[in-house]
Amino acid sequence: MAAGIREKQTVALKRMLNFNVPPVKNSTGEPVWKVLIYDRFGQDIISPLLSVKELRDMGITLHLLLHSDRDPIPDVPAIYFVMPTEENIDRMCQDLRNQLYESYYLNFISAISRSKLEDIANAAIGANAVTQVAKVFDQYLNFITLEDDMFVLCNQNKELVSYRAINRPDITDTEMETIMDTIVDSLFCFFVTLGAIPIIRCSRGTAAEMVAVKLDKKLRENLRDARNSLFTGDTLGAGQFSFQRPLLVLVDRNIDLATPLHHTWTYQALVHDVLDFHLNRVNLEESTGTESIPAGARPKKKNKKSYDLTASDKFWQKHKGSPFPEVAESVQQELESYRAQEDEVKRLKSIMGIEGEDEGAISMLSDNTAKLTSAVSSLPELLEKKRLIDLHTNVATAVLEHIKARKLDVYFEYEEKIMSKSTLDKSLLDMISDPDAGTPEDKMRLFLIYYISSTQAPSEIDLEQYKKALTDAGCNLAPLNYIKQWKAFTKMASAPTSYGNTTPKPLGLFSRVMNTGSQFVMEGVKNLVLKQQNLPVTRILDNLMEMKSNPETDDYRYFDPKMLRGSDSSVPRNKNPFQEAIVFVVGGGNYIEYQNLIDYIKGKQGKHVLYGCSELFNATQFIKQLSQLGQK
């Protein structure tokens, strides 16, 4: 795990694109030119990891969707990377019949069944193309890696495994089985790619427990079948931890419904909360200048721009977990250092343009040639720096507009106080009825957090008053209906989830950024600094990873797929703290929890943690699911 899941999945993809043999380093020859055919699932897996340029370097000239109209290219090998679904298989058989390519390398994202393999074989025989089907592989890559230490299960059809799907009151057993199998299939792929058999812990009586039981069974069966086990030989030896296994903690979204609704203050989580941020790409609408549009003319169409926030973006990697004010300040600093470098290049250019042959100029020239050479060689680096500064200036400005328009800093601070049970400086009713603060959705989020974290529910009279204020503010009350049922059902009153007891400290207003020269006008935005406090998911991980005894996690079930007989116990056999852990949230996760885990593990030397979830949603998407569940 020390290698990071992103690297492992990237290596697996590159190997696949090289006809399933490891790519040879420093081979001077041209790569073999080939076509890549993927479905939407394959596209989602590849796009956060490999850029078009990287694909081209690997010899991929064209990458096309399986279900698009494709012209035959008879003298080129084709690599397929698709899910083994009925319609995908039909389309592949059709390609064989139409003899589209020279040879076919079929890679399935998840394992293909025997009967579907036979369908392909029959089609190949019928099309007289048996010799052209070069290889068929199960890749076990059915999950999407977004960070070195973060993955989600799927993006296409994610409503099939969403929080709403799992928590529908009218769900049938067969539907639940299907959802669980989908989740387990992806987790199984994840561990095959990681090359490790985890020790599994999960809470009882939840969807997480169903996942644990099924995953344990699937890993166990694969280990039994020694001839075909995916965890033998080369994969396991490659792991840094063949002697120590990772811990997999399966938690259910229902243990903490407040965090996904929480307004946030760190860069990545804010981008996800207020902008359209999806599979590491953010889409922004460019605001067209403020020039006045003549009366009666059509308003100008807004330009959409998309930016990739990737692993190679050093600024993003460094600041994605920083509080927003810090980010604005850092963008400003980067900009200043860039301008200084740029001015230096300009200065040298003007010196080089010296006329006349006087001695002084000549001696200066030789001195400056060296300087200019180094300045020119640093140009590409400078341009890249400029691109990143522009990107983050645009993204941060867009975030800032939301913070100011919706007073998100006020919401963030107020919710932190509610969650840590501190004294509130302003009544909740005032916050809800303040017409200037936030959208109806912001108000609903605030009230739900209050409702979820309160030890005893507000009295009916108070509740009616709140409901009226929310309705007046334009809120849809459906999510509240669901949360009321949920709260009654989980009887959380006995042990409400605690969120630590720290509140953010305001640090005066932004000193540097407030200077007139800055691009960010931060007036009136509070400079809040976060204090590390563990969210419920992080606390559970801490108990289980460090083997702490705690009533919250003492009855978590324990599974070890390597033990011959599965035993139903809560008693861990291994008493040593774990070095590596994977936290997986069944029912959806968010960047707030991810960031909280990363901050927690920074303080633990030599330990690693990965965060995974069945889907990644922001508060808007989560509220939507809650209101669908709460519709009467």
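In terms of the side-chain hydrogen bond (donor to acceptor under 3.5 Å, both in side chains) criterion, residue partners of D44 (sequence neighbours excluded) are, by chain and number, N155, Q156. For K468, the side-chain contact (heavy atoms from CB on, under 4.5 Å) partners are D472, not counting sequence neighbours. Not counting sequence neighbours, K467 has no partner by the salt bridge (Lys or Arg N to Asp or Glu O under 4.0 Å) test. In this view, Q268 and E147, F277, W316, K320, Y591, Y594, Q595 satisfy the side-chain contact (heavy atoms from CB on, under 4.5 Å) rule, not counting sequence neighbours. Legend: residues meeting side-chain contact (heavy atoms from CB on, under 4.5 Å) with S337, ordered by chain and number and at least two apart, are K385. Under the side-chain contact (heavy atoms from CB on, under 4.5 Å) criterion, K314 pairs with no residue, sequence neighbours left out.
Taking the charged nitrogens against the carboxylate oxygens, E384 and R387 do have a contact shorter than 4.0 Å, which makes a salt bridge. Using a 4.0 Å cut-off between a side-chain N of Lys or Arg and a carboxylate O of Asp or Glu, E326 and K318 do not qualify as a salt bridge. Contact check on R253 versus E593 returns a salt bridge, with a Lys/Arg side-chain nitrogen under 4.0 Å from an Asp/Glu carboxylate oxygen. Salt bridge D542/R539: absent, no basic N to carboxylate O contact under 4.0 Å.
Side-chain atoms of D273 and T264 form no donor-acceptor pair, as typed in the model, at a separation below 3.5 Å.
Put simply, the side chain of F617 reaches to within 4.5 Å of the side chain of Y163, judged on heavy atoms.
Other residues, nucleotides and ligands place no more than 12 heavy atoms under 6.0 Å from the NZ atom of K624.
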